[in-house]
Chemist: 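One structure is given below, represented as structure tokens, and several questions about it will come after.
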Amino acid sequence: MNLFFWVILPYITVTILVLGLLVRYNFDQLGWSARSTEIFEKRQLKWGSLLFHWGILAAFVGHVVGILIPIAVYHGLGISNEMYHRGAILLGGMAGLAALIGLVILTVRRLTHPRLRRHTSFADWLTTVVLLVVIGLGDWITLGHNLYATPFEYRTTVGPWFRGLFVFSPHAYLMTGIPLVFKIHIVASYVFWMIFPFTRLVHIISVPFAYLRRAPILYRSRLRYRPQS
Amino acid sequence: MKIKAQVCMVMHLDKCIGCHTCSVTCKNTWTNRPGTEYIWFNNVETRPGVGYPQEWENQQRYRGGWTLRNGKLTLRAGGPATKLANIFYNPDLPALDDFYEPWSYDYDALINSPQQKIQPVARPFSSITGEWMDTPKWGPNWDDDLAGGPEIAARDPNLKHLQEHVAMEFESAFMMYLPRICEHCLNPSCVASCPSGAIYKREEDGIVLVDQDACRGWRFCISGCPYKKVYFNWNTHKAEKCNFCYPRIEAGLPTVCSETCVGRIRYIGVILYDADRVREAAQVQNEKDLYPAQLSVFLDPFDPTVIEEARRAGISDAWIDSAQRSPVYLLALKWRVALPLHPEYRTLPMVWYVPPLSPMLTVMPNSERVGPMDIFPTIDQMRIPVEYLASLLSAGDTQVIRTVLGKLWAMRVHMRHHKTGEEVPNQLYHDIGMPAEELERMARLLAVAKYQERYVIPTAERGADPDLVYVQGACSLESIAPVEGFIPSVSVNKPQ
Ligand code: HEM
Ligand code: SF4
Ligand code: SF4
């Protein structure tokens, strides 16, 4: 069972993610977009989208800090465990709450606005529900579990396991003793990555950073075959 | 010098009868799909009026186009970094209600109605939600022919510039039509606003297109265009815009809106310009200098050095020949009677307008009739205020409008003398700077020119197509059109 959840399933997830993205990218450029609904409704989108996106991006940075950077680095920098967790709960909690509040606003918006309700696809609902579950559990971990129970040291368990996945030597035993909410949060996030290629979530990998460096006016030649000099 | 060719349009507003045929034929061709119900690549506005979308000229609100910041040309809504910071919510984006909520009618009720005493009615229902919509609040051309009354017409942003007419009293009310399509600008702010680089200007003919594969729906082009001529398709979640009917242009045919124009107000032709000078022209300090600056980027297609340079740039002789016979060259550059719409947006728009003449508000004192030399003093008496036209077509420079209207009137005086034998003093030709022969040529082009003279469009280069036999007779859309049914389209049914 441990082997399945912490070794097999992660790799299945990655396989679906990569293959799905390749297929979608090659066959559905026309469907690849952020699927904005701003034209239908602006007022609630403003609060919902801004809180959600800035929150989720900060939470992403938080995951890098907490999971990817080994605990030894913090100790080397002289950051005590207590200091770390106080910071993580405060900043991570703020980010997580912003994302959750934003997502709730977006969900209510989708449910109540007739134009949006009419034009929300199955994939849109699925994305919303999966994100609600993942972010809800994430907030429960940070603000519920870690604040009211003792902070759980994921930097010695989840972190090393996760990094192990990348070098193809994941240790399932690291995950046996972790609290149940952590387990559900992680498994729910597998679902997030599995649906990723088939929903609007693909917009995340199209963030147009190249825009910062390109010429303002673009020309293209009609004669596609003519070599560009 | 970097020579490029641009296919442009001139619209002669004196001849527009406001029939909306152009809008309807364009819609039937390009925007008759789910997601585009509210989209009119071509629309005809009654002016004064709010336009489509409402108050699109109010750049304090939509922040489209370019502006100068510390003397440097920048997008009014901010550059790339600002755009990325606003990507989750675009504060400047017009919403559906700024256009209108599109609807259809329950025609089945008419077709399936049993015989009855009272006429059955087709109830309207929203094309977006499918719900009954018995009292639409706003629609396409809601304020057509000033039907919105003084309250709506007074919201025209151009009226801010003319204090004395704000009252819109019945005696001084005026009206004109303004047909609008994408301007296919030389300095397009939609292109510069697109984070994905999906919008581009075609090198060969200057047509501005949205690459539907590359568009990711970040929606900044829509707010970035000061003319609000890029639209959001809610079904594909991507941007769409007027494409100057490029498959027709490539075949040497006029656009659908031009072809079907009842008043024959439209002219299409090629202009040669220097792409290296565009930015400089868009950056001049004083807004009133933008119109002359825009003219200065164009090149004389008869100048031997220009011809030689154009050939070197790969422009074929057929295109150079078209540029020499171009009606746009004559109207916009040679005679200078066609003006750009809102040059102050600094996009260097490429659809030009010949301003309309209008009747005089008050008769000149001490005169039975207006003589040939009364032109300039009476222009300010015309029903459509010169200030209003200047706000639309010359960044507020009324002198530009007076000059153009003077030429148009002189043309009429000159043509009238053929019939009446009335003497036209030489001073008149001198004052407007056009000899009699030119006025006659202009009268011909503006009044009686046939298809071949109104539309001088060279066919597109096909030489680079690898298999000309295979593509002959094919439309340029064929290789890029999505497989039928690839995007599942949403169709909205009426309520049960
Ligand atoms: C920097 C990266 C990102 C960019 C530029 C971005 C951009 C956008 C844009 C433009 C929209 C459309 C908003 C509208 O309706 O007008 C959107 C919606 C959405 N994004 Fe993102 N996004 C990013 C990251 C993310 C991430 C990390 C997630 C989730 C993990 C996410 C999930 C969503 C969802 C669920 C919606 C739909 C919201 C709704 O209408 O209910 N995005 N995003
Ligand atoms: S008028 Fe056309 S080319 Fe100009 S900015 Fe708008 S969409 Fe772009
Ligand atoms: S040029 Fe073609 S696409 Fe553009 S407004 Fe006219 S008919 Fe429509």
Side-chain angles (χ1 to χ4, degrees), chain A residues 25 27-57 102 113-121 200 202-203 205-229, chain B residues 4 75 80-81 83-84 87-91 93-96 101 126 128-131 187-188 191-192 194-197 199-205 209 211-219 222 232 234-238 250 275 278-279 314 460-461 463-466 476 482 486-487 490 492:
Chain A
Y25 195 83
F27 294 104
D28 186 27
Q29 281 294 326
L30 273 178
W32 194 292
S33 100
R35 293 175 67 84
S36 165
T37 53
E38 186 171 341
I39 184 171
F40 284 159
E41 198 285 333
K42 271 178 87 91
R43 214 172 43 88
Q44 282 163 291
L45 180 83
K46 178 177 179 178
W47 292 102
S49 184
L50 287 177
L51 278 170
F52 168 73
H53 276 101
W54 289 116
I56 197 89
L57 289 182
H113 207 289
R115 290 175 186 166
L116 282 157
R117 235 185 120 108
R118 182 70 183 72
H119 295 295
T120 298
S121 66
R200 63 137 51 87
V202 292
H203 73 275
I205 57 174
S206 298
V207 184
F209 289 119
Y211 184 39
L212 294 171
R213 272 172 285 108
R214 71 145 222 251
I217 307 297
L218 304 176
Y219 297 92
R220 283 198 208 174
S221 171
R222 221 196 94 249
L223 311 164
R224 260 162 282 165
Y225 331 94
R226 197 169 73 182
Q228 294 276 305
S229 54
Chain B
K4 287 192 202 294
L75 291 169
K83 289 259 156 50
L84 291 192
I87 201 164
F88 308 125
Y89 166 77
N90 176 357
L93 190 81
L96 188 67
E101 177 153 348
S126 162
I128 305 288
T129 61
E131 282 159 27
N187 185 34
V191 173
C194 172
S196 312
I199 311 190
Y200 59 97
K201 197 166 173 62
R202 293 214 297 192
E203 228 151 69
E204 290 83 359
D205 51 20
L209 295 173
D211 178 342
Q212 292 292 312
D213 271 350
C215 173
R216 298 287 177 241
W218 303 123
R219 56 180 161 22
I222 297 158
F232 192 79
W234 55 257
N235 187 28
T236 60
H237 302 94
K238 299 205 172 190
E250 285 172 18
V278 166
R279 195 181 169 84
E461 289 298 327
D465 278 339
S476 56
F486 201 79
I487 303 175
V490 184
V492 175

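Bear in mind that the values here come from a model prediction, so they are computed numbers and not experimental data. First the proteins, then the strands, lettered A, B, ... as listed; each starts at 1.
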Chemist: Quick one: closest heavy-atom pair of B:A192 and A:I217, and the distance?
Modeler: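 Minimum heavy-atom separation between B:A192 and A:I217: CB-CD1, 4.4 Å.
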Chemist: Mind checking the OH-NZ spacing from B:Y89 to A:K42? Nearest 0.5 Å is all I need.
Modeler: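 Answer for the OH-NZ pair, B:Y89 versus A:K42, is 4.5 Å.
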Chemist: Measure up the B:W234 and A:H119 rings against each other and bin them: parallel (under 30°), tilted (30 to 60°), perpendicular (over 60°).
Modeler: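 Rings of B:W234 and A:H119: tilted, as their planes differ by 30° to 60°.
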Chemist: Take a 6.0 Å sphere around CZ of A:R214 and say whether it holds more than 12 heavy atoms from other residues, nucleotides or ligands.
Modeler: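 Yes, enclosed.
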Chemist: Under 4.5 Å from any heavy atom of chain B, what part of A:L51 do you find: side chain, backbone, both or neither?
Modeler: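 Neither; nothing under 4.5 Å.
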Chemist: I'd like to verify something: which residue of A:K46, A:E41, A:R117 has the highest number of heavy-atom pairs under 4.5 Å with chain B?
Modeler: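 The residue among A:K46, A:E41, A:R117 with the greatest pair count is A:K46.
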Chemist: Of the backbone (N, CA, C, O) and the side chain (C-beta and beyond), which part of B:D211 lies under 4.5 Å from a heavy atom of chain A, both, or neither?
Modeler: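 The side chain, not the backbone.
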Chemist: Calculate, to the nearest 0.5 Å, the distance between atoms CG and NZ belonging to A:L30 and B:K238 respectively.
Modeler: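 With rounding to 0.5 Å, CG (A:L30) is 5.5 Å from NZ (B:K238).
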Chemist: Donor-acceptor pair, distance only, cut-off 3.5 Å: does the side chain of B:K83 make one with the backbone of A:L212?
Modeler: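 No, because the side chain of B:K83 does not come within donor-acceptor range (under 3.5 Å) of the backbone of A:L212.
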Chemist: Does any backbone or side-chain atom of A:R35 lie under 4.5 Å from a heavy atom of chain B? Answer side chain, backbone, both or neither.
Modeler: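 Both backbone and side chain.
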Chemist: Are A:Q29 and B:R216 close enough that some pair of their side-chain heavy atoms sits under 4.5 Å apart?
Modeler: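 Answer yes - side chains close enough.
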Chemist: Give the member of B:Q212, B:K201, B:H237 that has the highest number of heavy-atom pairs under 4.5 Å with chain A.
Modeler: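 With the most close heavy-atom pairs to chain A, the winner is B:H237.
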Chemist: CG/A:L57 to CZ/B:F88 distance, rounded to the nearest 0.5 angstrom?
Modeler: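 Taking CG in A:L57 and CZ in B:F88, the distance rounds to 4.5 Å.
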Chemist: Nearest 0.5 Å, what's the CZ-CD distance between A:R115 and B:E101?
Modeler: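 The CD atom of B:E101 is 4.0 Å from CZ of A:R115, to the nearest 0.5 Å.
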Chemist: Do A:Y211 and B:I87 come close enough that some side-chain heavy atom pair is under 4.5 Å?
Modeler: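 No, every pair of side-chain atoms sits at 4.5 Å or beyond.
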Chemist: How many angstroms lie between CG in B:N90 and CG in A:L45, if you round to the nearest 0.5 Å?
Modeler: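 One gets 10.0 Å once the value is rounded to the nearest 0.5 Å.
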Chemist: Looking at OG1 of B:T129 and CG of A:L116, how far apart are the two atoms once the value is rounded to the nearest 0.5 Å?
Modeler: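 So the OG1 of B:T129 and the CG of A:L116 are separated by 11.5 Å.
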Chemist: Between B:L93 and chain A, which part of the residue has a heavy atom less than 4.5 Å away: side chain, backbone, both or neither?
Modeler: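 Answer is both: backbone and side chain atoms of B:L93 are under 4.5 Å from chain A.
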Chemist: Are the side chains of B:K4 and A:Y219 in contact, using a 4.5 Å heavy-atom criterion?
Modeler: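 Yes, side chains in contact.
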Chemist: Mind listing the closest non-hydrogen atom pair of B:W218 and A:P208 along with its distance?
Modeler: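 Smallest interatomic distance, heavy atoms only, reads NE1-CG, 3.6 Å.
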Chemist: Quick check on A:A210 against chain B: is it the side chain, the backbone, both or neither that has a heavy atom closer than 4.5 Å?
Modeler: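 Neither part.
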Chemist: Can you tell me which of A:P216, A:S49, A:S121 forms the most heavy-atom pairs within a distance under 4.5 Å of chain B?
Modeler: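 Maximum pair count with chain B is reached by A:P216.
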Chemist: Would you name the heavy atoms of A:L218 and B:V191 that are closest together and state the gap between them?
Modeler: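 Answer, listing the atom of A:L218 first, then B:V191: N-CG1, 3.4 Å.
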Chemist: Quick one: which of B:P94, B:C194, B:G217, B:A275 has the most heavy-atom pairs under 4.5 Å with chain A, could you say?
Modeler: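 The candidate making the most pairs under 4.5 Å is B:C194.
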Chemist: Name the region of B:L75, side chain, backbone, both or neither, that has any atom closer than 4.5 Å to a heavy atom of chain A.
Modeler: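 Only the side chain of B:L75 comes within 4.5 Å of chain A.
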